Amino acid sequence: MTENFFIEDCEKLEALAPISGAPIRHHVFVCTGKSCSAVDSAEVKAAFERELTSRGLLFGKEKKGKNPNGSIVLTECGSVGFCAIGAAVMVYPDGIWYAQVRANDVPEIIEEHLINGRVVTRLSLLKVPSKGRGEPAASTNNPETWEA
């Protein structure tokens with residue numbers, strides 16, 4: 001059995017995990033769980049990968065066609081909490097959850113939200129942290145008041 005060890009040397013840590021030194025601005029999670037996959041979430045993820053790569057924004061290894069200095073990380077996940085209205089996409093650090101995303105929505109999310117900092121309100125469902133739906137219109141769940 002391999003013994004776990006703690007890496008104290010920051011240069012060694014960065015060599016093992018290059019993302020630790022990357023200029024990351026956003027982390028995009030695309031649900032590809034059972035319910036979301038039924039509404040083509042794999043195509044949504046593929047669209048994000050294709051669009052972000054073509055713009056040079058997707059962080060990753062150059063030998064895989066990605067940019068080691070990219071500012072956006074894309075992660076496939078099993079659930080973001082509301083798969084019944086998928087495909088679900090979550091953008092951090094902004095805490096924006098998008099619902100019913102289709103592959104043809106991806107360029108708009110990239111251009112408006114990830115590049116220009118404007119939430120795509122027609123797809124936005126929730127902002128984290130959330131105060132719940134019982135709050136007045138000025139709460140964090142009013143997409144019109146959200147900033148990316």
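Just so you know, residue 1 is the first one in the sequence shown, and it goes up from there. Bear in mind the structure is a predicted one, so any value in this text is a computation, not a measurement.
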Asks: Is any side-chain heavy atom of Leu57 closer than 4.5 Å to one of Ile115?
Replies: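 A side-chain contact exists here, since the closest heavy-atom pair is under 4.5 Å.
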Asks: Determine the minimum heavy-atom distance between Ser79 and Cys31, stating which atoms define it.
Replies: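 For Ser79 and Cys31, the tightest heavy-atom pair comes out as CA-SG, 3.7 Å.
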Asks: Does Gly56 offer a backbone N or O that forms a donor-acceptor pair with the side chain of Asn67 under 3.5 Å?
Replies: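 Side chain of Asn67 to backbone of Gly56: a pair is present.
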Asks: For the OH atom of Tyr92 and the CH2 atom of Trp97, what is their distance to the nearest 0.5 Å?
Replies: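 One gets 6.5 Å once the value is rounded to the nearest 0.5 Å.
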Asks: Let's go through Ile24 and Phe59 carefully: what are the C-alpha distance in whole Å and the side-chain angles of both, what is the deciding distance for side-chain contact (heavy atoms from CB on, under 4.5 Å) to 0.1 Å, and is it a yes or a no?
Replies: CA-CA 8 Å; Ile24 303 302; Phe59 171 81; 3.9 Å; yes
Asks: Specify the closest pair of heavy atoms between Ala88 and Cys36, including all atoms of both residues, with the distance to one decimal.
Replies: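 Answer, listing the atom of Ala88 first, then Cys36: N-SG, 3.5 Å.
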Asks: Give me the atom names and distance for the closest heavy-atom approach of Ala103 to Pro107.
Replies: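 Heavy-atom minimum between the residues: O-CD, 3.7 Å.
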Asks: Could you measure the distance from the OG atom of Ser71 to the CG atom of Leu114? Nearest 0.5 Å is fine.
Replies: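 Atom-to-atom, Ser71:OG and Leu114:CG are 8.5 Å apart.
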Asks: For Thr53 and Arg50, indicate whether the former's side chain and the latter's backbone hold a donor-acceptor pair under 3.5 Å.
Replies: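 Not a single qualifying donor-acceptor pair exists.
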Asks: Let me confirm one number: the CD1-CG distance from Ile85 to Leu125, rounded to the nearest 0.5 Å.
Replies: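 Those atoms lie 4.5 Å apart.
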Asks: Any heavy-atom pair between the side chains of Ile96 and Val120 that's under 4.5 Å?
Replies: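 Side chain of Val120 against side chain of Ile96, heavy atoms only: no contact under 4.5 Å found.
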Asks: Name all pairs fulfilling the salt bridge (Lys or Arg N to Asp or Glu O under 4.0 Å) condition that reach into residues 101-113, sequence neighbours left out, sorted by first residue then second.
Replies: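 Found Arg55-Glu111, Asp105-Arg122, Glu108-Arg122, Glu112-Arg118.
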Asks: Give the minimum heavy-atom separation between Ala84 and Ser35, together with the two atoms involved.
Replies: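 Smallest interatomic distance, heavy atoms only, reads N-CB, 4.4 Å.
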Asks: Name all residues meeting the side chain to side chain donor-acceptor pair (under 3.5 Å) criterion together with Glu49; count only those two or more places apart in sequence or in a different chain, and write none if there are none.
Replies: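 For Glu49, the residues satisfying side chain to side chain donor-acceptor pair (under 3.5 Å) (neighbours in sequence not counted) are Lys45.
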Asks: Measuring only between side-chain heavy atoms, which start at C-beta, is Val89 closer than 4.5 Å to Val28?
Replies: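 In short, these two side chains touch, coming nearer than 4.5 Å.
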Asks: Is any side-chain heavy atom of Ile109 closer than 4.5 Å to a side-chain heavy atom of Val101?
Replies: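 With C-beta onward as the side chain, the pair touches.
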Asks: Quick check against the 3.5 Å criterion: does Tyr98 have a side-chain atom that pairs as donor or acceptor with the backbone of Val119?
Replies: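 Not at all, since once roles are kept as given, no pair shorter than 3.5 Å links the two residues.
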Asks: Among all residues two or more places apart in sequence or in another chain, which pass the side chain to side chain donor-acceptor pair (under 3.5 Å) test with Thr75?
Replies: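 In terms of side chain to side chain donor-acceptor pair (under 3.5 Å), with neighbours along the sequence ignored, Thr75 is linked to His27.
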Asks: I'd like to know whether His113 forms a side-chain contact (heavy atoms from CB on, under 4.5 Å) with Asp94, so could you lay out the CA-CA distance, the side-chain angles of the two residues, the decisive distance to 0.1 Å, and finally the verdict.
Replies: CA-CA 10 Å; His113 186 154; Asp94 306 332; 2.6 Å; yes
Asks: Please list, chain by chain and in numerical order, all residues satisfying ring pair (Phe, Tyr, Trp, His ring centres under 6.0 Å) with Phe48, sequence neighbours excluded.
Replies: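 Partners of Phe48 under the ring pair (Phe, Tyr, Trp, His ring centres under 6.0 Å) test: none.
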Asks: Just to verify, what does Glu76 make a side chain to side chain donor-acceptor pair (under 3.5 Å) with, not counting sequence neighbours?
Replies: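 Side chain to side chain donor-acceptor pair (under 3.5 Å) list for Glu76, sorted by chain: Thr32.
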Asks: Return the set of residues passing side-chain contact (heavy atoms from CB on, under 4.5 Å) with Lys64 (not counting sequence neighbours), or none when no residue passes.
Replies: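 So Lys64 forms a side-chain contact (heavy atoms from CB on, under 4.5 Å) with Lys61.
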Asks: Rounded to the nearest 0.5 Å, what separates atom CG in Leu52 from atom NE2 in His26?
Replies: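 That separation rounds to 11.0 Å.
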